[in-house]
Amino acid sequence: NTFDVDYIQHARTHQKQELTWGLGARLSPDNVIQSSPSVNVLPNKHTDTIYSSFVQYELPLDNDRFTITAGSKFERTSFSGYDYQPSVRLLWSPTAHQSAWLATTRAVRTPSRVDQDVQFNILVQATPPPPIFFQIVGNPNLKPEKLIAYEAGYRAQVNRKVYVDFAGFFNVYDDLQGYGPIGLAIGTNPPPVDLLFVLPYANVIEGRTIGTEVTPTWDVTHPWQLR
């Protein structure tokens, strides 16, 4: 079962300036019953908690030709502690049929119960003794995967029914989940003695992506639209 509580408030602070903020909490207890000898989650009982808040401010400028939107989400989880996810966006609308925008955002993916607590055993050799297993294990010290995204775009209305969107992005990834150094261990529960090659999850990968998108949209007739 999962229990969620959310509160959101939206207010206009001055003319067209808008402030939005909110609070949230999630409680998710679980009890994993092992149904296969090769897969287990330890401890079997655990309660996940997430406490969050966010704030966002929208500021129009120069008779709505420019709009700045800035804000952040703040979160505390039972898996990785505190984290933040800020974003800033600038929208420029020189005419009623054109707009351009720039944005930068920081986002995270917090570890899950499986990422931290799973044990997955693969039998490599049963005879001669001792049995040899390859074991993939969760890591309770996993950090959140991080993304910093940079985006830019342009939208134009070609005619009454046709729009064209151009966008470009550059993403920087850090602390992505992979596997750490392999280790050796002796397993004695349950008997007999097993030889384990242990491969833990770890934050060992970095990455970069860059790309562009072109998206034409044609409002053929209500309700048909081609993209």
Side-chain angles (χ1 to χ4, degrees), residues 2-26 28 50-75 77 83-112 144-177 205-227:
T2 299
F3 304 92
D4 281 301
V5 177
D6 294 291
Y7 175 79
I8 298 175
Q9 185 173 44
H10 180 83
R12 180 160 292 180
T13 58
H14 183 264
Q15 295 181 349
K16 296 183 179 180
Q17 301 176 28
E18 296 184 358
L19 173 67
T20 305
W21 67 277
L23 302 171
R26 170 177 291 186
S28 182
I50 300 176
Y51 303 100
S52 63
S53 63
F54 78 92
V55 61
Q56 177 178 288
Y57 197 79
E58 186 173 306
L59 176 63
L61 299 170
D62 193 17
N63 295 321
D64 294 339
R65 291 183 64 196
F66 294 92
T67 302
I68 299 174
T69 304
S72 184
K73 181 179 181 180
F74 306 92
E75 194 171 70
T77 74
D83 222 315
Y84 61 97
Q85 301 180 66
S87 65
V88 178
R89 180 179 296 266
L90 173 64
L91 175 66
W92 175 44
S93 303
T95 70
H97 306 293
Q98 299 179 79
S99 61
W101 51 270
L102 296 169
T104 182
T105 304
R106 181 183 187 271
V108 299
R109 187 193 77 86
T110 57
S112 68
E145 296 179 324
K146 302 175 182 66
L147 162 67
I148 298 180
Y150 305 92
E151 305 170 76
Y154 174 76
R155 178 180 174 89
Q157 182 178 3
V158 180
N159 57 44
R160 188 170 60 89
K161 293 188 175 183
V162 177
Y163 301 82
V164 181
D165 292 270
F166 303 90
F169 60 88
F170 176 64
N171 298 327
V172 180
Y173 300 90
D174 195 15
D175 288 329
L176 298 184
Q177 183 176 304
I205 301 175
E206 298 179 353
R208 307 285 187 274
T209 59
I210 187 170
T212 59
E213 296 178 353
V214 179
T215 308
T217 303
W218 178 23
D219 292 328
V220 182
T221 183
H222 183 76
W224 295 100
Q225 185 183 78
L226 296 178
R227 304 189 70 180

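Keep in mind that this is a model prediction, so the values were computed, not measured. Keep in mind that the numbers below use all heavy atoms, side chains included, and drop hydrogens, waters and symmetry copies.
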Peer 1: For T2, which residues count as a side chain to side chain donor-acceptor pair (under 3.5 Å) partner, sequence neighbours excluded?
Peer 2: S28

Peer 1: Working to the nearest 0.5 angstrom, can you tell me the gap between L19 CG and L59 CG?
Peer 2: 12.0 Å

Peer 1: Roughly how far, to the nearest 0.5 Å, is the CZ atom of R12 from the OG1 atom of T20?
Peer 2: 10.5 Å

Peer 1: Is any side-chain N of the basic residue among R106 and D174 closer than 4.0 Å to the acidic one's carboxylate O?
Peer 2: no

Peer 1: Is it true that, when you exclude W101 itself, more than 12 heavy atoms of the residues, nucleotides or ligands shown sit nearer than 6.0 Å to its CH2?
Peer 2: yes

Peer 1: Taking atom CZ of R89 and atom OG1 of T105, what is their separation to the nearest 0.5 Å?
Peer 2: 6.5 Å

Peer 1: Which pair of heavy atoms, one from V220 and one from K161, lies closest together, and at what distance?
Peer 2: O-NZ, 3.2 Å

Peer 1: Without swapping roles, check the side chain of K146 against the backbone of P144 for a donor-acceptor pair under 3.5 Å.
Peer 2: yes

Peer 1: Is the distance between the ring centroids of W21 and Y7 under 6.0 Å?
Peer 2: yes

Peer 1: For the pair L61 and I68, evaluate side chain to side chain contact (heavy atoms under 4.5 Å, CB included) and give the outcome as yes or no after the intermediate values.
Peer 2: CA-CA 8 Å; L61 299 170; I68 299 174; 3.9 Å; yes

Peer 1: How long is the gap from CG on L23 to CD on Q9, to the nearest 0.5 Å?
Peer 2: 10.0 Å

Peer 1: Table please: side-chain donor-acceptor pairs of residues 50-58 below 3.5 Å, with sequence neighbours left out.
Peer 2:
unit_1 : atom_1 : unit_2 : atom_2 : d
Y57    : OH     : T13    : OG1    : 2.8
Y57    : OH     : Q17    : OE1    : 2.5

Peer 1: Do any N or O atoms from the side chain of T95 and from the backbone of Q98 form a donor-acceptor pair under 3.5 angstrom?
Peer 2: yes

Peer 1: Please indicate whether R109 has more than 12 foreign heavy atoms, meaning atoms of other residues, nucleotides or ligands, lying under 6.0 Å from its CZ.
Peer 2: yes

Peer 1: Rounded to the nearest 0.5 Å, what's the gap from OG on S93 to CG on N63? Could you check?
Peer 2: 12.0 Å

Peer 1: Among residues at least two apart in sequence or on other chains, which ones pass side chain to side chain donor-acceptor pair (under 3.5 Å) with D64?
Peer 2: K16

Peer 1: Could I get the full list of ring-ring contact (aromatic ring centres under 6.0 Å, His included) partners for Y84, not counting sequence neighbours?
Peer 2: none

Peer 1: Using a 3.5 Å cut-off and no angle test, enumerate the donor-acceptor pairs between side-chain atoms of residues 206-219 and protein atoms at least two apart in sequence or in another chain.
Peer 2:
unit_1 : atom_1 : unit_2 : atom_2 : d
T209   : OG1    : N171   : ND2    : 3.2
D219   : OD1    : Q225   : NE2    : 2.7

Peer 1: Can you name the side chain to side chain donor-acceptor pair (under 3.5 Å) partners of E151, sequence neighbours left out?
Peer 2: none

Peer 1: Is there side-chain contact between E145 and D175, with at least one heavy-atom pair below 4.5 Å?
Peer 2: no

